[in-house]
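Before any comments, here is the structure.
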Amino acid sequence: MEKILIIDDEEGIRQLLYLLLTAESYDVKMAEDGQKGLDLIDSFDPQVIILDLSMPNMGGLEFLQQLQYDDNLNRSIIVLTGYGTDEDVRKCYQLGINSFLRKPVNIHEILGLIKRNLELIHFSEQLKREKIEKEEAYQLIKETFNSMSEGVITLDSNFHVQMISDKACRILDVSFDKVLHKPAVSVLGSLVAGPSGILMDSFDHKTEVSEVQTQFLLANGAIIPVYLTIKPLTGPDSNQGWLLLFRDEREEEKAIQKQIGGMVFGRMISTDSRMIAIFQLIDKIAPSEVMVLIEGESGTGKELVAREIHARGRRAQKPFHAVNCAAIPINLIESELFGHERGAFTGAVNKKSGRFELADGGTLFLDEIGDMPLEMQVKLLRVLQEQTFQRVGGTKTIHANVRVIAATNHNLKELIHKKQFREDLFYRLDVISLELPPLRDRVQDIPFLVSYFMKQMNKAQNRQINNISSKVSQSLVSYSWPGNVRELFHVLESVFAMIQGDTIEYRHLPKKLTAIPSKNRDILRNNEKNFLLQTLRQVSYDKKRASSLMGISLATLYRKIKKYNL
C-alpha cells in the first residue's frame, strides 16, 4: 500500500485530503506543521508528501531544507499553497519538489497528480532494480572472466570493447577504464581487429577462430605474440557480439622454461650464452623489415629461427614460404621462385604463381642459398633490389612486397672466393647475420633438449615416458651429433616408437650412439665439470632436478660435486 503524508496547518484541508486518499486505499498520515512532519518521516517513510508552505512553527521551505533531499529516494513532494510567490516556487524546485499547486485544492487534479507521481516512482524503482540486477550480472560475468587463466575480451556488434578481464589488462598493459567501449582495433591492433584482420575474416565467413597464433600490435609499438580464439555471440536483441580468448605466448615460454630449465624461445630451448644472445637479437629485429642471413650446420634450427622472426614480426598473419634451393633442379628453380605462364616450357600446361608471388606481404625463406646457381643469383639480386619480377614466359611486371630471410650451411665467403657465389648478393642478404652453433659445442643443452622433446612427444602420443637411464644420458652427451638438434629429435622419435615402458634404457638407443669413439669419451670427461656446473646453475642448484636431467642418481651427482669441488 502506497503511503502519503499530509503536512498542512489547516485542519479542514487535512481532513478532506485524508478522506479522499484513504477512500483510494492509500495509507495516510497527517501533521499540522513541518516539525511534526519531519518526526514522521523516518518511521512512516511516505512515497508522497503533500506540503503546505505557510505554517506556524516550521513552514514548508524550512521543512524542505531540513529534509535534506536525496535523489536516490523514491519520494515525490507536492507543494500546496495559497500565498506562494515566484521566488518561493523557484526555491521549492531547487529543494527537490515534484509539483506545485495553488489553493483552493482541485480534488481531481491532486488525485491525478498523486497517481502519476506514484507511477513514476514505481517505474523508477523498476529501473533501479533492473540496474542493480544488471550490475550484479555484470559483476558475476567479470568475476567469471577474472577467474579464467586466459585473457578475455567481449566486443559488441560495432567491435567496441564491452568487457575485459584483469588478465587481459595485464597482458595488454592497459587499465580497465581506458579501454572499455574503445574500438577493438585501437586496443588489439590491425592484425586482429583491422579491416583485413582475423576478426573481420571471422565475421565475413561466420566462423569461429580457434587457437590461431597471432599478435597484438599495440599503439605504443609493442608486439605481443598470442594464441587467439574468437567465438561469435548472439544477444537477446539478435545483435552479434564477439568473445575473444587469448594466451600470452611469452608466458607459456616462461612456464615451459620453469618446468624444464634453460631459455625457451618459441620451439627452441637453450642454456648456451650464444643461443640466448641470438634469441634476444631475434626479438629486436623481428618487427623490422631487414633481411637476415642465418648460418649454421644442417639441423641446427635455421628454419625454426626464420619462422620465429616471421612469427614475432609485423608480417605474422601473412604467408611464410620456405624454399630449399638445394632440392630444386636447376631448370626449375626460376619457375619455383617467380612462377611461369602456360606454355612457357615443355610441361607448363597451366599458369603457376611462384613463391615470391605467393609470399606477397609475408616472408620468403630461402634455405641453402649457397647452392643456388650463379645465373639465378643474378635474377634474385634484381628482385631483391627492385621488388619486381616477371613469370617465366611472361611479360607482365609483378610487384611483391616480401621479406627475405636466407640460410646456408656453407661458408659464403669461401664460395665468393671460389667464384661460386656473388659478392653483391652476399652483402644484399647479409644485413643482419646469425650464426647458430652446432650441438656438439653446446653439450650442456642436450639434457634440456631431451626433456623438452620428451614432453612434446608424451603430449602428442598421450604417453608417460619420463625417465632415462644414466648410461643413456652419458651416451647422448658423448655422441658428436653431426645432424645436430634435428638428429637428436629423430633419435628420440625412433626410441619412442620402440619403447614399451616409462624409462629409456641403453638397449633402446640406435647403434650409432652405443659405439661412441674413445675421443668423444675424452671430450666428455674433459668437459664434465663445466657440464655439471652449467646444469646446476640452470636448475638453481636443485640437485634432484639436476640428477634427473643428467640421467644419473642423486648419489652419483653428490660424488661428482665433491670431486670437482662445486
Side-chain angles (χ1 to χ4, degrees), residues 1-139 236:
M1 182 182 294
E2 292 94 342
K3 299 176 181 179
I4 300 176
L5 174 61
I6 304 167
I7 307 174
D8 198 307
D9 64 329
E10 295 184 42
E11 186 175 355
I13 295 292
R14 291 199 307 273
Q15 292 297 332
L16 174 63
L17 291 174
Y18 180 84
L19 292 173
L20 289 170
L21 296 176
T22 52
E24 295 291 329
S25 300
Y26 295 125
D27 184 5
V28 183
K29 289 192 179 299
M30 298 180 293
E32 59 263 32
D33 60 44
Q35 184 57 58
K36 292 182 179 179
L38 284 174
D39 294 340
L40 286 169
I41 290 292
D42 290 337
S43 59
F44 186 50
D45 190 23
Q47 283 107 331
V48 177
I49 298 173
I50 300 174
L51 176 68
D52 187 17
L53 275 188
S54 299
M55 295 180 289
N57 298 327
M58 181 186 288
L61 286 173
E62 189 178 353
F63 169 86
L64 292 172
Q65 292 168 345
Q66 294 289 324
L67 186 61
Q68 295 181 336
Y69 175 73
D70 184 351
D71 61 2
N72 289 319
L73 294 175
N74 286 322
R75 181 176 290 158
S76 177
I77 302 176
I78 302 170
V79 170
L80 295 178
T81 184
Y83 306 101
T85 64
D86 290 342
E87 180 63 17
D88 291 335
V89 173
R90 184 183 66 80
K91 288 180 179 178
C92 285
Y93 277 109
Q94 285 179 341
L95 292 169
I97 74 162
N98 300 86
S99 306
F100 194 99
L101 295 177
R102 295 188 180 276
K103 295 178 180 179
V105 176
N106 183 316
I107 299 302
H108 297 291
E109 183 178 7
I110 197 167
L111 287 176
L113 191 58
I114 290 170
K115 185 176 180 181
R116 287 195 299 274
N117 283 352
L118 286 171
E119 287 174 350
L120 287 173
I121 288 171
H122 294 322
F123 181 66
S124 175
E125 287 175 343
Q126 181 181 348
L127 288 179
K128 286 184 178 180
R129 283 195 300 270
E130 290 177 356
K131 182 181 179 182
I132 291 170
E133 289 171 359
K134 287 181 178 179
E135 287 176 350
E136 289 175 347
Y138 181 88
Q139 287 302 319

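Values in this document were obtained by computation on a predicted structure and should not be read as measured data.
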| message | With a 4.5 Å cut-off on side-chain heavy atoms, are V89 and R102 touching? | response | yes

| remark: Output for pair (I4 CD1, S76 OG), nearest 0.5 Å, gives 9.5 Å

| request: Assess whether side-chain contact (heavy atoms from CB on, under 4.5 Å) is satisfied between N117 and S99, documenting all intermediate values. | output: CA-CA 9 Å; N117 283 352; S99 306; 3.9 Å; yes

| query | How many angstroms lie between CD1 in I114 and CD in E119, if you round to the nearest 0.5 Å? | reply | 12.5 Å

| query | Just wondering, do K103 and E10 contact through their side chains at under 4.5 Å, heavy atoms? | reply | yes

| query | Rounded to the nearest 0.5 Å, how far apart are CD of Q66 and CG of L38? | reply | 6.5 Å

| query | Taking C-beta and beyond as the side chain, do L21 and I6 meet within less than 4.5 Å on heavy atoms? | reply | yes

| task | State the CG-CE distance between L64 and M58, to the nearest 0.5 angstrom. | result | 10.5 Å

| task | Can you establish whether the number of heavy atoms outside Y93 located under 6.0 Å from its atom OH is more than 12? | result | yes

| query | So do the side chains of Q15 and M30 get within less than 4.5 Å of each other, counting heavy atoms only? | reply | yes

| said: Could you report the tightest heavy-atom contact between L53 and C92, atom names first, then the distance? | reply: CD2-SG, 3.7 Å

| remark: Rounded to the nearest 0.5 angstrom, the OG1-CE distance for T81 and M55 is 9.5 Å

| query | Are any non-hydrogen side-chain atoms of R75 and I49 less than 4.5 angstrom apart? | reply | yes

| request: Determine the minimum heavy-atom distance between D33 and P56, stating which atoms define it. | output: CB-O, 3.4 Å

| Taking NZ, NE, NH1 and NH2 as the nitrogens, is one of them in D9 or K36 under 4.0 Å from a carboxylate oxygen of the other? | no

| task | Go through I50 and I7 one step at a time and tell me if the side-chain contact (heavy atoms from CB on, under 4.5 Å) criterion holds. | result | CA-CA 6 Å; I50 300 174; I7 307 174; over 6 Å; no

| request: Tell me, yes or no, whether the heavy-atom count around E11 atom CD, taken from other residues, nucleotides or ligands under 6.0 Å, exceeds 12. | output: no

| task | List the steps and the verdict of side-chain contact (heavy atoms from CB on, under 4.5 Å) for Q47 and L118. | result | CA-CA 7 Å; Q47 283 107 331; L118 286 171; 3.9 Å; yes

| task | Please determine which of L111, N106, I107 meets the side-chain contact (heavy atoms from CB on, under 4.5 Å) test together with E109. | result | N106

| request: With the side chain counted from C-beta on, respond yes when I110 and L80 share a heavy-atom pair under 4.5 Å apart, and no when they do not. | output: yes

| request: Any chance you could measure K91, atom NZ, to D86, atom CG, to the nearest 0.5 Å? | output: 12.5 Å

| E24 and K115 ion-paired at < 4.0 Å | no

| said: Tell me the closest heavy-atom pair linking A31 and G37, and the distance in Å. | reply: CB-N, 3.6 Å

| message | Has R14 got a side-chain atom pairing as donor or acceptor with D8's backbone, closer than 3.5 angstrom? | response | yes

| query | Can you find a pair of side-chain heavy atoms, one from I41 and one from L5, that are under 4.5 Å apart? | reply | yes

| Counting distance only, does the side-chain N/O of K3 pair as donor-acceptor with the main-chain N or O of F44 below 3.5 Å? | yes

| query | Looking only at atom types and distance, does a side-chain atom of D27 sit under 3.5 Å from a main-chain N or O of M1, one as donor and one as acceptor? | reply | no

| field | Residues I78, F100; criterion side-chain contact (heavy atoms from CB on, under 4.5 Å); working and verdict | value | CA-CA 6 Å; I78 302 170; F100 194 99; over 6 Å; no

| Would you call R116 and N98 a side-chain contact if the rule is heavy atoms closer than 4.5 Å? | no

